[in-house]
Structure formats: C-alpha cells, structure tokens
Amino acid sequence: MIKNIFLVLLGGGIGSVVRYLLSYFLTKNSTTQFPWATFIANALGCLLIGLLFGYIQKNNVQNETLKLLLITGFCGGFTTFSTFSLENIQFIQNQNYNLALLYTISSIFIGFFGVLIGLKLFN
C-alpha cells in the first residue's frame, strides 16, 4: 500500500508541475479571457489517458505500477477531467448510457453548485 501511495504521489506531483508550467507559459503573455491553459490541459490529459489506457488494454499490460504512476498519478495530477472522460467512455462502451448521462450532468451541476456555495460562504 505504501508503494502504491508513493507511485500516485510521484506521478501526481509531476503531473501537477507540468500543469502549472503549461498554465504559466500559456498565460504569461495572453491577452484573452478564454482559459486556454485549462482547456489545453484537459484536452492533452484526455488524449494522454486515452493513449495510455488504450495501450494497456491492447497489449493486456498487467503492470499496476505503470497504471498508478501514469494514469492515476500523472493524469490525475495534470487534470481530473481526463479521468472523468475515461470513466464516461467506459460507461458508453459498456452500453450504460443512462449512467454516463447521469454522471456527466450531475458532475457538472454539483461542480458548479459546489463552487457557487464555496464562493457564497465567503461573501
């Protein structure tokens, strides 16, 4: 268990630093209000988790270390949107469309509502 926690910590830390650097360099000279850094991090994170998970599935890789370090850790630290997207794709692949729709709508609603409540508590 300690090894697994360390792998997630290491991957997540690296993913978070990469996310920070991406955000720093993209917003450094930006004149737009569109959150390009978040948008690009989410898009890249989704591509990366798809590549990693696809490779693992196609090659039947049973390496838990690789999954914890790169998927749970790095992708999770870089963007949780990638995990959210992968989980929804898995629901759809398993023809669990209602759960995919419920998960998507409830995640967006609860996410927005949570932020709103958090902000209102300090105003």
Side-chain angles (χ1 to χ4, degrees):
M1 181 65 146
I2 297 296
K3 177 187 170 193
N4 292 352
I5 291 170
F6 178 74
L7 289 167
V8 173
L9 174 70
L10 178 63
I14 293 169
S16 295
V17 169
V18 171
R19 166 76 179 250
Y20 167 75
L21 291 173
L22 176 70
S23 180
Y24 175 80
F25 287 113
L26 288 177
T27 59
K28 187 171 146 181
N29 297 317
S30 179
T31 58
T32 181
Q33 291 184 1
F34 188 79
W36 282 108
T38 302
F39 180 80
I40 290 171
N42 287 338
L44 288 175
C46 289
L47 175 62
L48 182 59
I49 204 169
L51 289 170
L52 291 168
F53 198 77
Y55 175 83
I56 287 169
Q57 275 190 325
K58 182 178 181 182
N59 296 294
N60 198 25
V61 175
Q62 299 299 317
N63 187 337
E64 193 65 21
T65 298
L66 190 66
K67 293 176 188 175
L68 290 171
L69 180 67
L70 297 178
I71 293 177
T72 305
F74 184 85
C75 289
F78 188 62
T79 172
T80 57
F81 189 75
S82 59
T83 304
F84 167 78
S85 298
L86 175 62
E87 290 166 345
N88 269 305
I89 292 298
Q90 289 173 323
F91 286 143
I92 292 167
Q93 287 175 337
N94 293 325
Q95 298 179 346
N96 201 338
Y97 306 112
N98 290 337
L99 196 52
L101 186 62
L102 175 66
Y103 184 40
T104 299
I105 291 170
S106 63
S107 292
I108 293 169
F109 177 76
I110 296 297
F112 285 1
F113 192 63
V115 170
L116 183 62
I117 289 173
L119 290 170
K120 291 292 183 185
L121 288 173
F122 283 98
N123 288 329

Minimum side-chain heavy-atom gap [X]-[Y] below 4.5 Å:
X: R19; Y: T38; value: yes
X: F84; Y: T104; value: yes
X: S82; Y: L48; value: no
X: T65; Y: K3; value: yes

Of all the heavy-atom pairs spanning [X] and [Y], show the shortest one and how long it is.
X: G45; Y: F78; value: N-CE2, 3.7 Å
X: F81; Y: C46; value: CD2-SG, 3.6 Å
X: Y103; Y: S107; value: O-OG, 2.7 Å
X: A37; Y: S23; value: CB-CA, 3.6 Å

Co-membership, hydrophobic cluster, residues [X] and [Y], 4.5 Å side-chain:
X: L121; Y: F113; answer: yes
X: I56; Y: L51; answer: no
X: L21; Y: I40; answer: no
X: F6; Y: L70; answer: yes
X: L26; Y: F39; answer: yes

Next item on the list: Only one of T79, T72, I89, I71 passes side chain to side chain contact (heavy atoms under 4.5 Å, CB included) with I49; say which it is.
Entry: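 That would be I71; it is the only one of T79, T72, I89, I71 passing the side chain to side chain contact (heavy atoms under 4.5 Å, CB included) with I49.
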
At what distance, to the nearest 0.5 angstrom, does [atom1] of [X] lie from [atom2] of [Y]?
X: Y20; Y: F25; atom1: OH; atom2: CZ; value: 8.5 Å
X: E64; Y: L7; atom1: CD; atom2: CG; value: 9.5 Å
X: I110; Y: I105; atom1: CD1; atom2: CD1; value: 12.0 Å
X: L47; Y: S85; atom1: CG; atom2: OG; value: 11.5 Å
X: L22; Y: T27; atom1: CG; atom2: OG1; value: 9.0 Å
X: L9; Y: I14; atom1: CG; atom2: CD1; value: 9.5 Å

Check: So L52 and F74, side chain to side chain contact (heavy atoms under 4.5 Å, CB included) or not? Walk me through it.
Finding: CA-CA 11 Å; L52 291 168; F74 184 85; 6.0 Å; no

Checklist line | Residues in side chain to side chain contact (heavy atoms under 4.5 Å, CB included) contact with Q57, at least two apart in sequence or another chain | finding: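 Residues passing side chain to side chain contact (heavy atoms under 4.5 Å, CB included) with Q57: F53.
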
Next item on the list: Applying ring pair (Phe, Tyr, Trp, His ring centres under 6.0 Å), name anything that partners F112, two or more places apart in sequence or on another chain.
Entry: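 Here no residue qualifies.
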
